[in-house]
Chemist: 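I'd like to ask you about the structure that follows.
Below, read A as the first sequence line, B as the second, and so on, with proteins coming before strands; counting in each chain starts at 1.
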Protein chains: 2
Amino acid sequence: MTTTVKAAAPRRTRIQTEKRELILEAALEVFSANGFRGATIDQIAEAAGMSKPNLLYYFHRKEDIHETLIQRLLDTWLAPLRELDDIGDPLTELRSYIRRKLEMARDFPRESRLFANEILQGAPRIMPLIEGELKTLVDDKVAVIKGWMRAGRIMHTDPYHLIFSIWATTQHYADFDVQVRAVLGPDRGSDGRFEDAARFLEQLFIEGLRPKPE
Amino acid sequence: MTTTVKAAAPRRTRIQTEKRELILEAALEVFSANGFRGATIDQIAEAAGMSKPNLLYYFHRKEDIHETLIQRLLDTWLAPLRELDDIGDPLTELRSYIRRKLEMARDFPRESRLFANEILQGAPRIMPLIEGELKTLVDDKVAVIKGWMRAGRIMHTDPYHLIFSIWATTQHYADFDVQVRAVLGPDRGSDGRFEDAARFLEQLFIEGLRPKPE
DNA sequence: GAAAATTTTGACCGGATGGACAAACGTTAG
DNA sequence: CTAACGTTTGTCCATCCGGTCAAAATTTTC
């Protein structure tokens, strides 16, 4: 009963589960700040409060840590888009999608940067996921958006580029955080920045910039 | 006459000028694809068609190459924003700014990625430039945009976030190119992608998504 | 509480990488 | 022709880094 022939889930002790989690947390910090190549096992080990050989007891190779991290990431990352639903008002749906995505940039900036780092370098380690899972999901949601357009419920434009623009604008606040902060100055704290951004993006996507006739 | 007391521009032979240019071109390729840490002097030397010690004859340290590259980059990079002008129709001005910025993403993707890499890692090497030159320019243009808003010539929103959103959406096509390509599929070549993007962004920024009443 | 299994550590290895250097090789000016 | 200067190369070094290994320390199991 406890043994299966194929791909049994690795049996893990309490310590293994805890330590692996500790390592992944530390690795997220280090990878997102330095990229895969820029991060060293020693750095991760130190951030996790253990020796390098000890870390390598839990993850045999540096790449294994990275891979685990990325695999988890993508689920979290695509969750907001998965929620985009055909029922309800299209503009409201899109507005909430933008808000959710912006909240992810605020609450998980390290995950965003990890992803950005990976894509920037040509996605060497996650190309299959991009071409598979991600593309499928996008195609799916594009169909929904096209439906809205055909019904005249939102403007008629390119749905792919609409999704890209939402990704770009929201992730910008995580990936380019230092630049945003430097330009805005220290006046507004993190909360204020994201409030302003949310307000702005909502208006941009719904109304655009052309002034309404009185 | 040929000697000045302070900081004389380095006197360079013809060969030096040529070879330095060759190295910078090669380094742009390698740095933008691998990040600073991920790039090796050997790779750059090979891409430039010379031996490592020979390369080090022209640039003493890896960082020197990177620094030179980044310094040049910022000028090119901010040129489109510099052109944003108070004269002329605001919507037209913004439209051309977006188009120019998108053209830069298309024509100089390596520069875009070099910049993105640097910011992603916390801008360790160019923080002063961001807080100085870049911020000053942005503040300047924000004033212009605010004028337009006060005059009711464009919608009233946050001008800083407007600029961020233009940066984000346009640079996305350079920095996340592999993802964009993977999602769109191979149907449309580079030209088609950028045409579609330009059309979409123009509509988004000017009109937004809310359908016009008939 | 002893045997078995798991976890931790220190020492070590081989290859990559940034950089130094002196010697050799051109090139040019007098 | 040759001295001076600029350019190129082969060799070498120290450090870093990913990863191994055997032995010690600890925890779990019976």
Chemist: H60(B) has an atom NE2; how far is it from atom P of dG19(C), in whole Å?
Modeler: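 Distance check: H60(B) NE2 to dG19(C) P gives 12 Å.
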Chemist: Give a yes or no answer on whether the side chain of R113(B) reaches the backbone of A174(B) with a donor-acceptor pair at less than 3.5 Å.
Modeler: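 Side chain of R113(B) to backbone of A174(B), a donor-acceptor pair under 3.5 Å: yes, one is there.
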Chemist: Between dT7(C), dG19(D), dT8(D), which nucleotide gets closest to the side-chain atoms of Y57(A)?
Modeler: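 Closest of the options to the side chain of Y57(A): dT7(C).
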Chemist: Verify the contact: side-chain N or O of S51(A) to OP1 or OP2 of dT9(C), cut-off strictly under 4.0 Å; return yes or no.
Modeler: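 Result: yes.
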Chemist: Let me know, please, whether M50(B) or K52(A) comes out on the 5' side of the other along DNA chain D by nearest nucleotide.
Modeler: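 Going by which nucleotide is closer to the 5' end, it is M50(B).
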Chemist: What is the distance from CD1 of I41(A) to C1' of dT20(D), rounded to the nearest Å?
Modeler: 12 Å
Chemist: Rounding to a whole Å, what distance do you find between Q43(B):CD and dG19(C):P?
Modeler: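 These atoms are roughly 15 Å apart.
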Chemist: Rounded to the nearest 0.5 Å, what separates atom NZ in K101(A) from atom CD1 in I166(A)?
Modeler: 9.0 Å
Chemist: Looking at every strand, decide which applies to F59(B) at a 4.0 Å heavy-atom threshold: base, sugar-phosphate, or nothing.
Modeler: nothing
Chemist: Rounded to the Å, how far apart are E18(B) CD and dT27(C) P?
Modeler: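 That distance rounds to 13 Å.
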Chemist: In whole angstrom, give the distance that lies between atom CD1 of I44(A) and atom P of dC16(D).
Modeler: 18 Å
Chemist: Under 4.5 Å between any side-chain heavy atoms of F36(A) and K62(A), yes or no?
Modeler: yes
Chemist: How many whole angstroms separate atom CG of N54(B) from atom C1' of dG18(C)?
Modeler: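 Rounded to the whole Å, the gap is 16 Å.
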Chemist: Ignoring the backbone of Y58(B), work out which of dT8(D), dG18(C), dT6(C) is nearest its side chain.
Modeler: dT8(D)
Chemist: Does a salt bridge link R110(A) with E29(A), judged by any charged N lying under 4.0 Å from a carboxylate O?
Modeler: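 Counted as a salt bridge, because a side-chain N and a carboxylate O are separated by less than 4.0 Å.
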Chemist: Between dT8(D), dG19(D), dG18(C), which nucleotide has the shortest distance from any of its atoms to the side chain of T40(B)?
Modeler: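 Looking only at side-chain atoms, T40(B) lies closest to dG18(C).
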Chemist: Rounded to whole angstrom units, what separation is found between the CG atom of D42(A) and the P atom of dT15(D)?
Modeler: 16 Å
Chemist: By the 4.0 Å heavy-atom rule, please label L56(B) as base, sugar-phosphate, or nothing.
Modeler: base
Chemist: Quick check on dT7(C): is either OP1 or OP2 less than 4.0 Å from any side-chain nitrogen or oxygen of Q16(A)?
Modeler: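 Yes, because at least one side-chain N or O of Q16(A) sits under 4.0 Å from OP1 or OP2 of dT7(C).
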Chemist: Whether the Y97(A) and D85(A) side chains hold a donor-acceptor pair (N or O, under 3.5 Å, no angle test) is what I'd like checked.
Modeler: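 No, no side-chain donor-acceptor pair sits under 3.5 Å.
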Chemist: Using a heavy-atom cut-off of under 4.0 Å over every strand shown, decide if A39(B) touches base, sugar-phosphate, or nothing.
Modeler: sugar-phosphate
Chemist: Which listed nucleotide (dT8(D), dC16(D), dT9(C)) is nearest to the side chain of R37(B)?
Modeler: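 So the side chain of R37(B) is nearest to dC16(D).
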Chemist: Please state how far atom CZ in R20(B) lies from atom P in dT7(D), giving the value in whole angstrom units.
Modeler: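 In whole Å, dT7(D) P lies 12 Å from R20(B) CZ.
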Chemist: Quick check for you: among dG19(D), dG19(C), dT8(D), whose closest atom lies nearest to any side-chain atom of K19(B)?
Modeler: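 Of the options given, the side chain of K19(B) lies nearest dT8(D).
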Chemist: From the list dG19(D), dC21(C), dT7(C), which nucleotide is the closest neighbour of the side chain of P53(B)?
Modeler: dC21(C)
